[in-house]
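Report on the following structure.
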Amino acid sequence: MKITLKVWRQKNAQDKGGFKTYQLDDVSPDMSFLEMFDVLNEQILKKGEDPVHFDHDCREGICGTCSMYINGKPHGPKQTTTCQLHMRSFSDGDTIVVEPWRAQAFPVVKDLVVNRSSFDRVIQAGGYVSVNTGGVPDANEIPIPKKIADEAFDSATCIGCGACVAACKNASAMLFVSAKVSQLAMLPQGQVERKTRVEKMVAQMDEEGFGACSNTGACSAECPKEISLENIARLNREYLKAKSSSDNV
Amino acid sequence: MSSTLGKKLLMALTGLFLVIFLVVHLSGNLQLLLNDEGRAFNVYAKFMTTNPLIKTTSFILYATFIIHIVWAIMLTVNNKKSRPVGYAKVSGSNSTWSSRNMGILGTIIFIFLVIHLKNFWYVMHWGPVEMVKYDGVEYKDLYATVDVAFSQLWYVVLYVVAMLGLMFHLFHGFASAFQTLGLNHVKYNPVIKFVGAAFAIIVPAMFAAIPVIIYFKNL
Ligand code: HEM
Ligand code: SF4
Ligand code: FES
């Protein structure tokens with residue numbers, strides 16, 4: 001396959017950046033999108049230029065690192081991660097535009113690499129359960145209905161990739177935050193800190209500069225883990241309940 | 001109320017109140033189409049501007065509109081700030097056009113609202129309106145004002161365009177408000193979706209029909 005790539009190049013956070021066009025003449029349809037970028041970088045290195053920086057780690061769709069905004073969509077045309085996207089999803093002769101995630105809360109570090117530590121700070125604000133040390137509790141000591149366990153697990157499959165933020169016209173982190181609040185709010189272990197958690201995580205989300213939710217549903221449509229909008233409704237409920245009844249003033 | 005979630009909650013509550021207002025407003029206005037030279041409508045208009053309970057409600061309504069609009073501006077400004085550098089290429093296939101353009105649709109409604117209020121609401125309250133007498137009691141002949149206004153083509157076009165804006169605003173807004181209030185349930189979602197779509201089509205269409213019918217009647 002012949003592919004033309006328009007890639008965002010930016011030296012550092014201060015640089016203005018711009019698009020650069022590259023030509024790849026021998027792309028296999030079986031390559032993943034990241035492998036295609038490896039080929040591109042070898043080509044660039046041979047010319048003695050600076051390779052395109054991009055984030056990746058597991059390359060098997062479970063870490064969420066591989067952020068790329070491809071042809072107007074996070075992770076490209078398929079609802080999956082960039083590492084699991086294959087060149088057969090494109091046609092011979094295509095021009096593909098590749099940009100970094102764009103959000104106030106995800107500043108560009110270099111080229112396609114953005115800093116997503118704002119997500120970490122949201123988790124640090126309350127996305128945990130405090131466990132005092134002691135003996136390991138027996139499995140099945142706390143009974144949890146299968147249905148609830150499954151729902152909590154669905155929410156917990158969020159890999160923190162940030163595609164929801166990248167897809168949202170408001171760069172809102174509601175889907176991510178709602179998944180992280182939900183997974184604990186549904187389980188008995190999460191009850192102790194339930195109200196404080198949602199209050200703190202939402203406050204941190206706003207503090208980081210993510211936008212508000214307009215319920216467009218773009219996040220869920222682009223989420224590689226298909227986190228559903230029910231989580232956002234649950235976050236709205238949890239927040240309202242906490243604000244009207246918690247002791248934090 | 002200062003958090004993004006609180007602001008959205010206020011948008012949803014005021015939005016739903018405005019939805020209820022639309023029903024009341026429409027049922028009153030449909031009397032314009034009765035073949036009685038505007039008598040029923042003029043009597044109704046006097047009732048709506050003099051009854052103390054309705055007057056109190058109308059102040060709540062003004063406040064609702066203002067809150068809905070001011071909070072909409074705050075949210076939109078904040079949302080724009082959340083993405084200071086935009087994308088070169090954006091695919092719109094992951095969401096509906098209405099859902100992404102609530103601000104533009106709201107602005108169309110707002111422009112309409114200003115003209116609409118100036119021509120009818122302001123005139124009804126502070127004149128000049130001709131008077132008519134039914135059974136010895138004086139009434140403002142608001143019907144005549146409406147009749148003259150709706151004989152102008154540009155005015156009718158303005159109404160139809162504004163109601164199209166309202167239609168798309170509600171297409172997304174109606175169901176969106178329930179999601180914001182935290183109601184997302186397999187049992188109720190289809191109901192909300194259906195009622196929302198039906199409301200978004202029927203109510204603006206009936207509003208738009210009034211000037212169109214009067215225009216053709218007066219040709
Ligand atoms: C009769 C007139 C109106 C009705 C019935 C109405 C109704 C609604 C409803 C039900 C929502 C959904 C709330 C939610 O998403 O939770 C909404 C959202 C919105 N309205 Fe209105 N509205 C009206 C007029 C206006 C006007 C005049 C403006 C602006 C100048 C406006 C701007 C907005 C915006 C920007 C949103 C979206 C907020 C967001 O998604 O973050 N609306 N409206
Ligand atoms: S909710 Fe989905 S899109 Fe958002 S961070 Fe989690 S896995 Fe990624
Ligand atoms: S590199 Fe881990 S999900 Fe793509």
Side-chain angles (χ1 to χ4, degrees), chain A residues 6 8 17 19 69-74 77 79 96-106 108 165-174 198-199 202-203 205-206 208-222 228-241 243, chain B residues 1-13 15 71-72 74-106 169 171-186 188-189 192 196:
Chain A
K6 274 183 76 182
W8 184 263
F19 283 101
Y69 198 84
I70 303 162
N71 272 351
K73 279 168 157 246
Q79 194 176 357
I96 307 172
V97 183
V98 188
E99 303 173 69
W101 280 182
R102 294 290 190 193
Q104 168 72 28
F106 290 165
V108 174
V165 175
C168 176
K169 75 173 181 74
N170 305 335
S172 169
M174 283 288 275
V198 64
E199 287 181 326
V202 168
M205 171 181 90
D206 286 352
E208 297 291 346
F210 294 106
C213 180
S214 284
N215 300 327
T216 68
C219 51
S220 184
E222 300 292 2
S228 89
L229 296 176
E230 277 171 54
N231 288 283
I232 295 185
R234 188 181 297 105
L235 175 62
N236 286 330
R237 286 201 297 279
E238 289 289 323
Y239 187 72
L240 190 58
K241 266 190 252 169
K243 275 291 168 197
Chain B
M1 287 297 142
S2 57
S3 67
T4 48
L5 271 72
K7 289 198 185 96
K8 276 299 305 224
L9 184 65
L10 213 50
M11 284 305 286
L13 291 174
W71 261 253
M74 288 201 289
L75 277 166
T76 307
V77 168
N78 186 51
N79 290 344
K80 288 267 175 292
K81 265 203 294 209
S82 298
R83 173 161 300 136
V85 184
Y87 293 110
K89 186 170 178 182
V90 180
S91 154
S93 64
N94 52 23
S95 51
T96 62
W97 184 87
S98 316
S99 72
R100 280 177 274 125
N101 292 284
M102 290 298 273
I104 294 174
L105 292 167
H169 196 72
F171 243 171
H172 176 66
F174 192 97
S176 169
F178 290 93
Q179 167 81 358
T180 303
L181 293 175
L183 183 67
N184 179 325
H185 190 283
V186 279
Y188 305 110
N189 287 356
I192 294 171

Under 4.5 Å from any heavy atom of chain B - which part of I232(A): both
Nearest non-hydrogen partners of Q104(A) and P84(B), listed with the distance: OE1-CG, 3.1 Å
Return yes if a side-chain donor-acceptor contact under 3.5 Å exists between K89(B) and N71(A), otherwise no. yes
Are V90(B) and Y69(A) packed together at the side-chain level, in the sense that at least one heavy-atom pair is separated by less than 4.5 angstrom? yes
To the nearest 0.5 angstrom, please state how far the OG atom of S228(A) sits from the CG atom of N184(B). 6.5 Å
Residue from G217(A), A233(A), G211(A) scoring the most non-hydrogen pairs under 4.5 Å with chain B is A233(A)
Using modelled atom types and a 3.5 Å cut-off, is there a donor and acceptor pairing between side-chain atoms of Q179(B) and backbone atoms of L229(A)? yes
Nearest 0.5 Å please: distance from the CZ atom of R237(A) over to the OG1 atom of T180(B). 12.5 Å
Interface residue of largest heavy-atom contact number with chain A, from N79(B), T4(B), V85(B), under 4.5 Å: N79(B)
By a 4.5 Å heavy-atom criterion (distance strictly below it), what part of A221(A) contacts chain B: side chain, backbone, both, or neither? side chain
Quick check: closest heavy atoms across G209(A) and S82(B), and the distance to 0.1 Å? O-OG, 3.0 Å
For residues L5(B) and L235(A), determine if any side-chain heavy atom of one lies less than 4.5 Å from a side-chain heavy atom of the other. yes
Heavy-atom count check: over 12 atoms from other residues, nucleotides or ligands less than 6.0 Å from F19(A) CZ? yes
Output the option from M102(B), H172(B), K81(B), M11(B) having the highest count of non-hydrogen pairs under 4.5 Å with chain A. H172(B)
4.5 Å side-chain heavy-atom contact, L181(B) and N236(A): no
To the nearest 0.5 Å, how far apart are CG in N101(B) and NZ in K169(A)? 7.5 Å
With a 4.5 angstrom heavy-atom cut-off, is it the side chain or the backbone of E230(A) that approaches chain B, or both, or neither? both
Quick one: what part of R102(A) sits under 4.5 Å from any heavy atom of chain B, side chain, backbone, both or neither? both
When A203(A), C213(A), A167(A) are compared by non-hydrogen pairs under 4.5 Å with chain B, the top option: C213(A)
So for P100(A), is it side chain, backbone, both, or neither that comes closer than 4.5 Å to the heavy atoms of chain B? backbone
Using side-chain heavy atoms (C-beta onward) and a distance below 4.5 Å, is S3(B) in contact with D206(A)? yes
Which heavy atom in G6(B) sits nearest to a heavy atom in Y239(A), and how many Å separate them? N-CE2, 4.3 Å
Assess, by modelled atom type and distance only, whether the side chains of N215(A) and S99(B) contain a donor and an acceptor separated by less than 3.5 Å. no
Side-chain (R83(B)) to main-chain (C168(A)) donor-acceptor, under 3.5 angstrom: yes
Closest approach of Y87(B) to E99(A) (non-hydrogen atoms, all atoms of both residues): CA-OE1, 3.2 Å
Among S220(A), A105(A), A218(A), which residue has the highest count of heavy-atom pairs closer than 4.5 Å to chain B? A218(A)
S93(B) versus K73(A): any side-chain heavy-atom pair under 4.5 Å? yes
